[in-house]
Novice: 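Provided herewith is a single structure, encoded as structure tokens, for subsequent inquiry.
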Amino acid sequence: PIRAEGKVTARMFYIAYARDDLPTGSSRPLLFSFNGGPGTASVWMHMGYTGPRRVQYDDDGFQLRPPVGLEDNPESILDVADIVYIDPIATGFSRMAEGEDPHRYHGTLSDIESVGEFIRLYILRKNRWDSPKFVIGESYGTTRASGLAGHLADAHQIYLNGVILVSMTGLDVEKGPDVSYATTLPQRAATAWYHQQLAPELQARDIEDFLAEVETFALDTYLPALARWDRIDEATRNRIAREVARYTGLSPEYVLSANLRIDSRRFWKELLRDQRLTVGRLDSRYVGIDRDAAGESPEYDPAMADWDGPFGNAVNIYLREELGYDPDLKYNIWGPVRPWNRDDGADVGEMLRSAMQANPYMKVLIQGGYFDAATDYFSAVYTISHLQPGGEFHDRFRFAWYESGHMMYLREEDLANSKQDLRAVME
């Protein structure tokens, strides 16, 4: 239960895995896990990444024929840590108390405070003060995780040993539109590379080597050109358009017509338009089929469509059949959390920075996929590099990128590699 003003205002649902052969107050690492949205339950990383059972996908991370079942997860990190999966208010089986404002905890800061209170109570009631403590969040969950690092330290004197940010958001770090066009260019290049839309000499390159070149161009050439607006000369404009086209698989004429600035949704629609296909937002390896091939943006995200059904089916099988927990209540994979208050005073990037300032032992691992167009990898690099611009915390950040998308752990090879990266930050 979450309390305020001397009464229970909400009840939070969670699933915890802990070794039962260790004494009370164990010093075994403790990991608090949640997903994003905002408004989605912890099911994605629970049933796809770190838990003991996972949704069945093929080796490349694509959906199998429904109904999709479960299989053991040989890459679960339960061998090295206990895990608590938290469903924020209105997700999973978590609900507000009768008569309470249903959106009381639906804002950046209020959400952080409610999840922080849950973590405090869990540590207190399970006597886990001696455990090294970590939080892991995915997507909007990285906003929550970053804020929690500061909030737990300031409000409860709970210092974290590490924060794991999976498919990281912008953490309230201002970029401006031209910087965003530049930092998203490598992800678009990765998408074009994956779909074989580039010249043969680029297609033959290793993706990491290729993207390193695009990153340099994006910051050293493309961004300065964008910053000149209409003061750029025609020859330079045409040269930049040719280079952007070369890296993205678009035509120079299209890039010029967009004033060198390619909107994300336009790119997802345009890249494979000649095949009457779109590419995914959360994972641009996926392709979609719209009603027609005209228009400026896709009708849907084929990646999300690929994930929703299998995970919804699997979590209900797991909870109700395998665990035997079967309340007469819908498990909200997507909860009714709108409107979400993003202007309630939280600056989560600064909260993370201040937590690192106060606790010099806290490390941060950033994980993501090259093909994630929703929270792209190079924008994450930009964001992290601007948290402490002097570079004093540089060695406490570690980046790990994989050849998949937003849920990089669905691809078999990346699941194995990401587990080793998790192990390293928890040592």
Novice: How many angstroms lie between atom CG of Leu422 and atom CG of Asn417, to the nearest 0.5 angstrom?
Specialist: 11.5 Å
Novice: Just by distance, do the side chain of Ser146 and the backbone of Thr142 share a donor-acceptor pair under 3.5 Å?
Specialist: yes
Novice: Are any of the side-chain nitrogens in Asp290 or Arg276 under 4.0 Å away from the carboxylate oxygens of its partner?
Specialist: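 Looking at Asp290 and Arg276, the cut-off is not met.
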Novice: Exactly one of Phe13, Phe311, Tyr17 should register a ring pair (Phe, Tyr, Trp, His ring centres under 6.0 Å) with His46. Which one does?
Specialist: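 Only one of Phe13, Phe311, Tyr17 forms a ring pair (Phe, Tyr, Trp, His ring centres under 6.0 Å) with His46, namely Tyr17.
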Novice: Is the shortest distance from a Lys or Arg side-chain nitrogen in Arg423 or Glu427 to a carboxylate oxygen in the other one below 4.0 Å?
Specialist: no
Novice: Answer yes or no: is there an ion pair linking Asp72 with Arg53, defined by an N-O contact shorter than 4.0 Å?
Specialist: yes
Novice: Has Glu174 got more than 12 heavy atoms of other residues, nucleotides or ligands less than 6.0 Å from its CD?
Specialist: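 No, the 6.0 Å shell around CD holds no more than 12 heavy atoms from other groups.
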Novice: I need the minimum non-hydrogen distance between Asp79 and Arg28, along with the two atoms involved.
Specialist: O-NH1, 3.6 Å
Novice: Salt bridge check: are Arg266 and Asp263 linked by an N-O gap of less than 4.0 Å?
Specialist: no
Novice: For the pair Arg54 and Glu71, find out whether any cationic side-chain nitrogen is under 4.0 Å from an anionic carboxylate oxygen.
Specialist: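 Counted as a salt bridge, because a side-chain N and a carboxylate O are separated by less than 4.0 Å.
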Novice: Can you check side chain to side chain contact (heavy atoms under 4.5 Å, CB included) on Arg285 and Phe62, steps first, answer last?
Specialist: CA-CA 10 Å; Arg285 297 178 304 152; Phe62 293 99; 3.8 Å; yes
Novice: Check this for me: Leu323, atom CG, are more than 12 non-hydrogen atoms of other residues, nucleotides or ligands nearer than 6.0 Å?
Specialist: yes
Novice: Do Asp326 side-chain atoms and Glu321 backbone N/O form a donor-acceptor pair below 3.5 Å?
Specialist: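 Not a single qualifying donor-acceptor pair exists.
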Novice: Does Ser76 use its side chain to pair, donor to acceptor, with the backbone of Thr50 at less than 3.5 Å?
Specialist: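 It does hold such a pair.
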Novice: Could you check whether Arg144 makes a cation-pi contact with Phe34, meaning its NZ or CZ is under 6.0 Å from the centre of the six-membered ring and within 45° of the ring axis?
Specialist: yes
